[in-house]
Amino acid sequence: MRLATWNVNSLKARIDRVVAWLDDVSPDVLCIQETKLAQDKFPHDLFVQLGYESIHYGQGQWNGVAILSKVGIESPRYGLTNDPSGEARAIWATCQGVRVASLYIPNGRSLEDDHYQYKLRWLEALLSDSRLESEQYEAVVLGGDFNVAPSDLDLWDISAFDGMTHVSPLERKAIEAIIEAGFVDLFRQMYKDSGLYSWWDYRNGAFHKKNGMRIDLVLGSQKVSRDMVWALIDRNERKGGQSQARPSDHAPLVIEFDH
DNA sequence: ATGGTCGATGGTCGA
């Protein structure tokens, strides 16, 4: 199975690029974050023309997550069991026997902000659901924008992140807790190098300066980890250019495993 | 190059 996750930063603004990318890469399953679409605005019919069934959990101008699948969608679930807010940040489906989540973890904003405590509560609720789903399914993948760089390898300069979110010990512990619950950071399993990022700020020429972070992850259960074949971050998709529509600030992460 | 993000939105916030 080829599975990808991509924070598109508005599906409406990105639809041409998403369609072209699906045509190029042909993932069996695509987890999308930040659709920024109301529930009734999602282009299910367009994706059907490309061979994909889809489910969407939208709330309008912010957030919004979706799963596209060429191999079926069963047992959809919206949100988290103990969701701290009700924002549209999690959606689940079974695709060809694989339990898939598309996740958009809260940003946190700053360590002093209430939104940071919300982020930590949200990650706790995700840990709880990850355990629940693991009891039901052997193959589980949690794909999404985690808004956490798991280690110092996952950003360009740790000194630029002193006192910032995305790297704080509590956020990293929350990711580590999911890993201790039996999940594996599938991209990191394949590559140990620094400098491999999935997000670059639009501002200050960050992409060209290689000032990025690896905050988009696919966490897989042991079964998926054992069956991994390859992984890649499609950083070409972060490029702009005069002949191309504007990019998202995130690049897609693609994994392939025997299934 | 005396500026330097983007998207939803319709003044300003969120990332």
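Computed from a predicted structure; not experimentally measured. Numbered from 1 within each chain, the chains take letters A, B, ... in sequence-line order.
For Asn107(A) and dC13(B), the CG to P distance is 16 Å, given to the nearest whole Å. One atom, CG of Asp249(A), and another, C1' of dA8(B), lie 14 Å apart when rounded to the nearest Å. Nucleotide dA15(B) holds its C1' atom 13 Å from the CG atom of Asp216(A), rounded to whole Å. For Tyr202(A) and dT5(B), the OH to P distance is 12 Å, given to the nearest whole Å. Per the geometry, CD belonging to Gln59(A) stands 13 Å off C1' belonging to dA8(B), to the nearest Å. Trp200(A) places its CH2 atom 16 Å from the P atom of dC6(B), with the value rounded to the nearest Å. Between Tyr116(A) atom OH and dG14(B) atom P there is a gap of 19 Å when expressed in whole angstrom units. The separation between Lys36(A) atom NZ and dC6(B) atom C1' is 8 Å, rounded to whole Å.
Nearer the 5' end of DNA chain B, as judged by each residue's closest nucleotide, is the contact made by Asp201(A), out of Asp201(A) and Tyr104(A). Along DNA chain B, the nucleotide nearest to Gly205(A) and the one nearest to Ser10(A) differ in position, and the one closer to the 5' end is contacted by Gly205(A).
Put simply, Arg14(A) has no side-chain N or O that comes within less than 4.0 Å of OP1 or OP2 on dC6(B). For the OP1/OP2 pair of dA15(B) and a distance below 4.0 Å, the side-chain nitrogens and oxygens of Arg109(A) include at least one atom meeting the criterion.
A salt bridge does not link Glu138(A) with Lys223(A): none of the charged nitrogens is closer than 4.0 Å to a carboxylate oxygen. The existence of a salt bridge linking Asp185(A) and Arg214(A) is confirmed by a sub-4.0 Å separation between a basic side-chain nitrogen and an acidic carboxylate oxygen. A salt bridge is absent between Asp83(A) and Arg89(A): the closest approach of a Lys/Arg side-chain nitrogen to an acidic carboxylate oxygen does not fall below 4.0 angstrom. Look at Asp152(A) and Arg172(A) and you find a salt bridge, because one of the NZ, NE, NH1 or NH2 atoms lies within 4.0 Å of a carboxylate O, short of that distance.
Across all strands shown, Phe207(A) has no heavy atoms under 4.0 Å from either base or sugar-phosphate atoms.
Comparing the P positions of dG7(B) and dG3(B) gives an interatomic distance of 23 Å, to the nearest angstrom. For dG10(B) and dG14(B), the P atoms lie 14 Å apart once the distance is rounded to whole Å.
Taking 90° from 0 as the syn/anti boundary, the base of dG10(B) is oriented anti.
For Phe161(A) and Trp156(A), the ring centers are positioned less than 6.0 Å apart.
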